[in-house]
Amino acid sequence: MSKKYTITTPIYYVNSVPHIGTALTTLAADVTSRYQKIRGRDVFFLTGTDENGLKVKEAAEKAGKSPMDFVDEISSKFKEIWPGLYIEFDDFIRTTEPRHREAVQAFFSILQEKGHIYSGSYEGWYDVSSETFFKESDLVDGLSPDGNEVRWVKEDNYFFRMSAFQEPLLAHIEANPNFILPESRKNEVLSFIKQGLRDVCISRANPGWGIPVPGDDSQVVYVWFDALINYVAATGWPNPGWESRWPAEVQWMGKDILTRFHATLWPAMLMGVELPLPEALVGHAWLMSGTEKISKSKGNVVAPLDVATSLATRAGCTPEVAIDAVRYYMASVMPMDTDATYTHDEFDRLYNTDLANDLGNALNRSLAMSHKFVDGVIPGGVVETDAAQAIDDAKAKFDKAMVTFRVDHAADAALSVVRFLNKYIDTRAPWALAKNSDPALHAVLRSMLLCLRTAEGLIRPIMPKTADAIAAQLGLPSLTIWDAIGSEESLPAGVKVSLPQPIFPRLDLTKKQEPKKMDTPKPQPAPTPAPAPEVPTEITIDDFAKVKLKVGRVLEAEPLEGSDKLMKLQVVIGEEKRQIVAGIRKNYTAEDLIGRQVIVCVNLKPAKLRGTESQGMLLAATDTDGGAILLQPDREAPEGTGVR
RNA sequence: GGCGGCGUAGCUCAGUUGGUUAGAGCGAACGGUUCAUACCCGUUAGGUCACCUGUUCAAAUCAGGUCGCCGCUACCA
């Protein structure tokens, strides 16, 4: 059996719906899939839903449903949404399916047999929301780095000996430059792994939901470990025949789950069971939803289908074309190295310039001229060399972009032939040729139509419905074979083209022109009240007043367990009592501190240090050796008095 | 703190291996055209290629340093 070209997206958690950020991943995979199909590959495009986490169980309970009913409902919703964006997956796997459970248990057992799993006890913080374990030091303000709640768990668990795979992983990444893309992510992964991998806990106490550890029903497989196995489960593994679908040629995902999971845990797991590693892991960046008024809470999500509906209403295009336009937008901006920002204006602009003005209008004017000058029949003859060159260049650029999965560059390549066409029309001026009965007219019109035929083929992976519409207006069947794109044969002479029908009605952007407050260019104060960086510039008295300092008295002091520098203090500041953690153990003992007056910054954002909350900061000078020299009022000051 | 990256026209960015007048798209101004969805085409903007110092016959492109921004990572208060 010949090997299929396998493309995967992550499986999505069933507790959210796709928004323009997460749809990005699936779209990228779909564009890759459609391109490879046109190139003649037998594609296996896999997506699905992740349904086993503790989070799912809790969400179900909150919704007053049984977990199974809950995931059935939401998973099917997911499955229905993707086709609405013309996502054509070949398989949709759910982690509650028997095939997945079997694969996970087989995977676990093999790792156990090979000695990569041992039992131990785990104690630490667990973020249910992202189903991730964190070290004490990972926490920020008592929350996960992502700002989620964490809970302390202490259990006897199974551990995966990931540490053993550090060197093989590094070697593989170094030896395969395209294993992790883009390159900036690869560097991050390398430095992450070089810092040292530790063994990971891969099971949890069985909450009555999840995949039981083989031979130990008291435990379920840790959801991330479980989830990753979907990729091979869907290929049929461990049953015969999986080799035709694994390894994946490309696994698409967002950058957030690349480093720890897909580029570290996942390949280590595969090495453990001795399965081949995927060819490429691509972690794109995010598309942030931003409006002019930035709302700090990430509440304003943009749903791709809503954008499409809005466009269809405002521009008057068909719903199909509107969805294609959204696909084109997402493909065009496909952020890789850094995050991009979505704005309605930017979307509208791209629609008008690239799709309405360039592509749509080029088709429109070319067809109009065909009817005007050659009775609407595709002329024969030879395509002019510069047009042929432009066509070849665009194809080559598209191919080159897709080798490294640069969907954004591919979109640009597809449009490049259209941009050429508009210039070409202007240069060759068919209307002038017609007027003078110049024999070059036929070749020029043919060249124009072939450019459009090429654009149809190149844009098809990104805008399938639009491509069909272009083909229809050219009076030709859809062009779905890569080698035929741009060929003379793809444009049979004598075929009657249809009358032009605008595919992308232009948006009138003038009426909703927002009043630009150019005359009052007030410097927007940064909405983030972040701790002001210590710039050595002058500050005003107002700046200084922001720092609230008060006199406090140390009531209790004890070394903070698990730390070698930190001291945990209870400080009375006037009426209130605060817990402060300070890195002063090097120079002070608890006895030195108790009863002593100190200067405290009382409006510093609280922080967790070694898991203990610190609600302020002691002022101290820095000694030459880096130690602390505490500030103290010259004589006993009134309790809780301000300092300035 | 460590590692990595970035800082190029008003805006968004290309410029992997150093070499003639530094590019594209968008926006703006001006001009042209009429086949077309008031579209398209061309020209222009005098860009200190963040800054400094080096290497070189020659640097946006290499080395060192400075400033600013970002990512990853870290018992940093």
Side-chain angles (χ1 to χ4, degrees), chain A residues 135-139 145 182-196 255-256 258-260 263 283 285 315-317 332-333 335 337-341 345-346 349-350 352-373 404 408-409 412 415-416 418-419 421-435 441 444-445 448 500-508 510 531 533 535-536 560-567 580-585 601 604-612 614 616-620 622 626 628:
Chain A
K135 288 176 291 178
E136 189 73 58
S137 55
D138 290 330
L139 304 185
E183 199 175 340
S184 52
R185 300 276 158 248
K186 180 177 85 176
N187 293 335
E188 287 175 12
V189 171
L190 282 174
S191 63
F192 174 75
I193 296 176
K194 281 177 183 162
Q195 280 184 194
K255 63 179 183 178
D256 56 331
L258 178 74
T259 307
R260 284 170 195 273
C317 61
S332 293
V333 301
D337 291 321
T338 53
D339 295 341
T341 306
D345 285 353
E346 177 71 4
R349 187 194 66 68
L350 204 68
N352 259 5
T353 58
D354 282 9
L355 300 181
N357 294 349
D358 286 351
L359 177 57
N361 189 233
L363 174 67
N364 205 58
R365 63 197 303 214
S366 299
L367 293 179
M369 278 186 264
S370 299
H371 280 280
K372 206 160 216 165
F373 305 138
T404 48
D408 53 336
H409 292 170
D412 186 65
L415 256 286
S416 71
V418 175
R419 297 203 178 94
L421 174 57
N422 279 320
K423 289 192 210 341
Y424 176 76
I425 292 172
D426 229 63
T427 312
R428 299 297 276 138
W431 51 91
L433 299 177
K435 206 177 196 175
L441 177 64
V444 170
L445 278 172
M448 287 160 54
Q501 299 156 318
I503 296 173
F504 303 104
R506 194 178 155 76
L507 277 171
D508 182 6
T510 51
V535 269
L560 186 63
E561 216 172 303
S563 156
D564 49 23
K565 294 181 193 171
L566 302 177
M567 187 74 87
I580 293 174
V581 177
I584 54 174
R585 223 154 97 199
C601 175
L604 188 67
K605 196 172 141 199
K608 278 253 181 171
L609 299 173
R610 293 293 293 169
T612 304
S614 180
M617 182 173 82
L618 301 189
L619 262 52
T622 309

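Convention: sequence-line order gives letters A, B, ...; per-chain numbering from 1. Hydrogens, waters and symmetry mates are skipped; everything else that's a heavy atom, side chains included, is used.
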Phosphate-side-chain proximity, N357(A) and C40(B), N/O vs OP1/OP2 below 4.0 Å: yes
Under the salt bridge (charged side-chain N to carboxylate O under 4.0 Å, His left out) rule, collect the residues that match up with R419(A), sequence neighbours excluded. D354(A), D358(A), D412(A)
Answer for the Watson-Crick or wobble partner of G54(B), both distances under 3.5 Å, is C62(B)
A74(B) to U66(B) separation - C1' atoms, rounded to the nearest Å: 25 Å
Heavy-atom side-chain proximity of L363(A) to P500(A) below 4.5 angstrom: no
If you measure from CZ on F504(A) to CG on N364(A), what distance do you get to the nearest 0.5 Å? 12.0 Å
Distance between C1' atoms of G7(B) and G47(B) (Å, rounded): 14 Å
Can you check the distance between A59(B) and G18(B), where both ends of the measurement are the C1' atom (answer in whole Å)? 6 Å
OH of Y424(A) to CG of D426(A), rounded to nearest 0.5 Å, is 12.5 Å
By the 4.0 Å heavy-atom rule, please label L367(A) as base, sugar-phosphate, or nothing. nothing
By nearest nucleotide on RNA chain B, pick out whichever of F504(A) and K435(A) is the more 5' one. K435(A)
Can you find a heavy atom in the side chain of M369(A) that is under 4.5 Å from one in the side chain of M448(A)? yes
If I take atom OG1 from residue T338(A) and atom NZ from residue K255(A), how far apart are they, to the nearest 0.5 angstrom? 8.0 Å
Counting only side-chain N and O atoms of R260(A), is one of them less than 4.0 Å from OP1 or OP2 of U73(B)? yes
Give me the distance, rounded to whole Å, that separates U37(B) from C51(B) when you measure between the P atoms they each carry. 48 Å
In residues 182-190 of chain A, which ones come under 4.0 Å of RNA chain B, going by heavy atoms? R185(A), N187(A), E188(A)
From the candidates C26(B), U73(B), A36(B), the one with an atom nearest any side-chain atom of Q195(A) is U73(B)
Give none if U34(B) has no partner; otherwise give the nucleotide forming a Watson-Crick or G-U wobble pair with it, both distances under 3.5 Å. none
Looking only at the side chain of K423(A) (C-beta and beyond, no hydrogens), which of the listed nucleotides U37(B), G25(B), C35(B) gets closest? G25(B)
The Watson-Crick or G-U wobble partner of G1(B), with both key distances under 3.5 Å, is U73(B)
Starting from P on U12(B), measure out to CG on D345(A) and report it in whole angstrom. 15 Å
Say we look at G1(B) and U48(B): how far apart would their C1' atoms be, to the nearest angstrom? 34 Å
Nearest whole angstrom, please: distance from the P of C40(B) to the CG of D354(A). 10 Å
Euclidean distance for C1', G10(B) against G5(B) (whole angstrom): 26 Å
Rounded to the Å, how far apart are D412(A) CG and C13(B) C1'? 11 Å
Contact nearer the 5' end of RNA chain B, comparing N352(A) with K255(A): N352(A)
What's the separation between atom CG in L421(A) and atom NZ in K423(A), rounded to the nearest 0.5 Å? 10.5 Å
Do R365(A) side-chain atoms and G360(A) backbone N/O form a donor-acceptor pair below 3.5 Å? no
H409(A) NE2 - U12(B) P separation (whole Å): 17 Å
Spacing between L359(A) atom CG and C40(B) atom P, to the nearest angstrom: 12 Å
Nucleotide forming a Watson-Crick or wobble pair with U44(B), both distances under 3.5 Å: A28(B)
What's the closest nucleotide to the A356(A) side chain, out of A36(B), U37(B), G27(B)? U37(B)
When the distance from CD1 of I193(A) to P of G4(B) is rounded to whole Å, what number comes out? 16 Å
Please determine, for the side chain of P502(A), which listed nucleotide (G32(B), A74(B), U37(B)) has the closest atom? U37(B)
For atom CE of M448(A) and atom C1' of C35(B), their distance in whole Å: 7 Å
Just compare U73(B), A36(B), U34(B) and give me whichever is closest to any side-chain atom of N364(A). A36(B)
Partner of U20(B) by Watson-Crick or G-U wobble geometry, both contacts under 3.5 Å, or none? none
What's the gap between G46(B) and C11(B) when it is taken at their P atoms, as a whole Å value? 14 Å
Whole-Å P distance, G23(B) and A9(B): 14 Å
Go through U34(B), C40(B), U37(B) for me and flag the one nearest to the N422(A) side chain. C40(B)
Nearest-Å distance for atom pair CH2/P, residues W431(A) and U34(B): 7 Å
S332(A) side chain reached by L415(A) side chain, heavy atoms, under 4.5 Å: no
Closest contact, heavy atoms only, A263(A) versus I193(A): O-CD1, 4.2 Å
Which one, G25(B), U73(B), C35(B), comes nearest to the side chain of R419(A)? G25(B)
Watson-Crick or G-U counterpart of G7(B), or none if no pair lies under 3.5 Å: C67(B)
